[in-house]
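Remarks on the structure that follows.
By convention in this document, chain letters (A, B, ...) are assigned in the order of the sequence lines, proteins followed by strands, and residues within each chain are numbered from 1.
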Amino acid sequence: MIEFEHVGKSVGGTVVLSEVNLQIPDGELVVIAGPSGCGKTTTLKMINRLIAPSTGRVLIDGEDIARQPVQALRRSIGYVTQYAGLFEHQTVRQNLSEPLRLARWAKPAVDRRLGELCGLFSLPEGEFMDRYPYQLTATERQRVCIARAFAADPEILLMDDPFAALEPAQRGQMQDELVTLQSLMRRTMVFITSSIEEAIRIADRLCIMERGRVLQYDKPEEILRSPQEGFVERFVGRNRIFSRPQEIRASDIMITSPVTTHPEVPMLKGMEKMRLARVDSLLVVDEDGYFLGIVRAEHVHRCDNKEEAIKSVMREAKAVASPDETVPELLAKIRRFRVNAVPVVENDKLVGLITNSSIVTILSQQSMELEEVEPL
Amino acid sequence: MRMMEFLAHIGFWPALGGQLLLTAGTFLLAVAIGFPLGLLAYRYRVLTPPMIGFANFLKILPGFAVFGILMAMGRHSTITSLLAALFFTILPVIFGTEKGFRRIGRPPIDAALGMGMDPATIFVRVLLPLASPQVMAGLRRAGVAAVGMVTLATMRGGGLGALILEGIRQNNGSMTLAGALPACLLALIADLALAWLFRLVVPAPLRRREKRVLYIAK
């Protein structure tokens with residue numbers, strides 16, 4: 001448990017933080033969101049003592065961190081900095097080993113741990129480990145950054161807007177990966193962002209800050225349902241599109257021209273189509289528009305003879321929806337079948353596609369009764 | 001053999017020896033003083049504008065003219081002119097050091113601090129390698145400057161400068177060349193040696209970037 005007790009900070013007469021009181025429970029992913037300059041990064045940096053409070057105290061497990069040896073404290077906390085925090089002069093391997101070196105791990109233990117990290121963060125082993133940061137894509141850099149923070153297996157992780165530099169599509173993917181990771185690891189994470197969509201998508205608990213103050217701190221669904229009047233309301237964007245999710249139908253939010261393919265098309269052509277459209281699956285539709293099934297990139301890859309017709313690797317869709325299904329119903333389907341997209345079918349013909357992210361976007365613009373949706 | 005006799009006659013060997021010693025001395029002293037000064041300028045932002053401003057001011061002055069002024073003031077003793085040479089050689093070291101450390105920025109430092117590295121380790125493992133391209137580029141410029149400035153500083157004796165000035169005065173072309181050619185060669189050797197040191201010291205991924213920066217700067 002991380003606790004802020006009456007924490008304030010002023011720099012040269014300017015008040016950066018005032019009266020911050022927060023309890024961050026163990027194993028939760030707490031997101032601090034707010035516009036730039038609201039004091040969220042300052043708050044974060046107080047946890048690993050990169051910034052000291054002017055007044056008040058920060059406690060971890062009931063102990064005042066100001067009284068603890070600073071380097072030992074920091075070694076027990078993983079930290080992902082804003083922008084590029086990788087050491088540009090070191091290879092991926094050296095970057096990842098750095099926290100372990102500080103903790104004086106033996107060489108075999110380090111090698112074993114690096115292997116684990118690669119698995120956890122879907123990093124390719126081998127040659128990749130000898131690359132330098134400038135040779136990595138933006139997503140790879142972020143993965144390495146986060147993997148490095150996790151390296152010494154800390155109980156607490158601090159992340160300062162780690163996905164800010166990513167393209168929207170990659171950003172969504174990284175958010176999903178982080179949520180998956182968190183459900184496996186259950187670490188105490190404090191995550192900073194200025195994007196409310198991102199905050200809602202990943203947070204167990206959400207803290208909205210403005211001008212150095214905590215305005216609202218609660219579960220994201222609580223904040224969406226009853227945002228504090230004024231800033232929070234504007235920030236979470238209440239009533240932006242529809243007033244009630246029960247009134248939003250699949251036909252309102254579906255993609256009306258999803259990427260499709262004919263069953264007789266050779267796999268090579270299908271792969272090319274996925275590549276060009278930047279999707280990882282195709283919906284298979286016959287010449288009359290009847291929906292037949294789904295082809296996923298991984299299944300095509302696994303097949304040896306790419307000349308074969310694509311229908312040979314086609315699977316039946318796990319879930320389909322009708323155009324008049326409502327958002328809570330769609331959400332329930334997505335959760336029950338663990339899919340990230342649901343084809344919308346009317347009279348056996350494909351009419352559209354609902355993706356997880358299109359629903360999340362809608363939800364983030366809502367003040368809705370999420371409990372009614374949650375069957376888990 | 002006539003050439004050897006000629007060189008011995010005009011005092012070439014002591015001049016060359018003096019030149020080498022003084023150049024090396026000036027360069028090493030410039031690094032020893034300039035590097036900490038550059039660090040100081042980086043560490044204490046208040047110091048940066050006056051220090052870099054003063055260095056910039058000195059950079060504007062033509063070296064030859066400064067030595068001319070010293071000479072005209074009758075103060076062109078070897079000590080004062082070597083001090084002047086040292087001043088001009090320190091400049092690129094300060095510039096390079098300040099620039100190298102300045103451009104590192106917060107993120108790697110925060111990352112290193114956040115990992116729990118102590119300050120000395122951060123300096124050696126993170127800051128120094130990251131700053132090395134600019135620092136080494138500064139040293140390279142200083143090495144070349146040292147050769148030139150020592151040549152100017154020794155116009156009254158002690159190095160190759162004396163041969164050049166004396167050759168001009170006596171209208172003795174061979175003598176001038178005996179001073180000027182080795183001075184040029186020395187500058188080339190200094191540049192090549194420091195370029196080699198650059199490759200040796202600067203980590204591979206940063207060498208690549210430094211090349212681009214230098215290219216644009218030119």
Next on the checklist: Distance alone, cut at 3.5 Å: any donor-acceptor contact between the side chains of R211(A) and S18(A)?
Outcome noted: no

Item to check | Lys/Arg cation over aromatic F128(A): R93(A), 6.0 Å, 45° cone | outcome: no

Next on the checklist: For a 4.5 angstrom cut-off between non-hydrogen side-chain atoms, does P25(A) reach R205(A)?
Outcome noted: yes

Checklist entry - Checking heavy atoms, do the side chain of P203(B), its backbone, both or neither come under 4.5 Å from chain A? => result side chain

Checklist entry - Is the shortest distance from a Lys or Arg side-chain nitrogen in D160(A) or K45(A) to a carboxylate oxygen in the other one below 4.0 Å? => result no

Item to check | Heavy-atom proximity to chain A below 4.5 Å, by part of S132(B) | outcome: neither

Next on the checklist: Between R143(A) and E177(A) (salt bridge meaning N to carboxylate O under 4.0 Å), is one present in this structure?
Outcome noted: yes

Item to check | Salt-bridge contact E98(A)-R125(B) (side-chain N to carboxylate O under 4.0 Å) | outcome: yes

Checklist entry - With the threshold set at 4.0 Å, does a side-chain nitrogen-carboxylate oxygen contact exist between D153(A) and R187(A)? => result yes

Checklist entry - Going through the checks in order, is the side-chain contact (heavy atoms from CB on, under 4.5 Å) test met by L178(A) and F191(A)? => result CA-CA 11 Å; L178(A) 184 69; F191(A) 187 107; 3.6 Å; yes

Next on the checklist: Can you tell me which of T121(B), I104(B), D110(B) forms the most heavy-atom pairs within a distance under 4.5 Å of chain A?
Outcome noted: D110(B)

Checklist entry - Between H89(A), R75(A), R49(A), which has the largest tally of heavy atom pairs under 4.5 Å with chain B? => result H89(A)

Checklist entry - Are there residues of residues 101-121 of chain A that reach to under 4.5 Å of chain B by heavy atoms, and which ones? => result R101(A), L102(A)

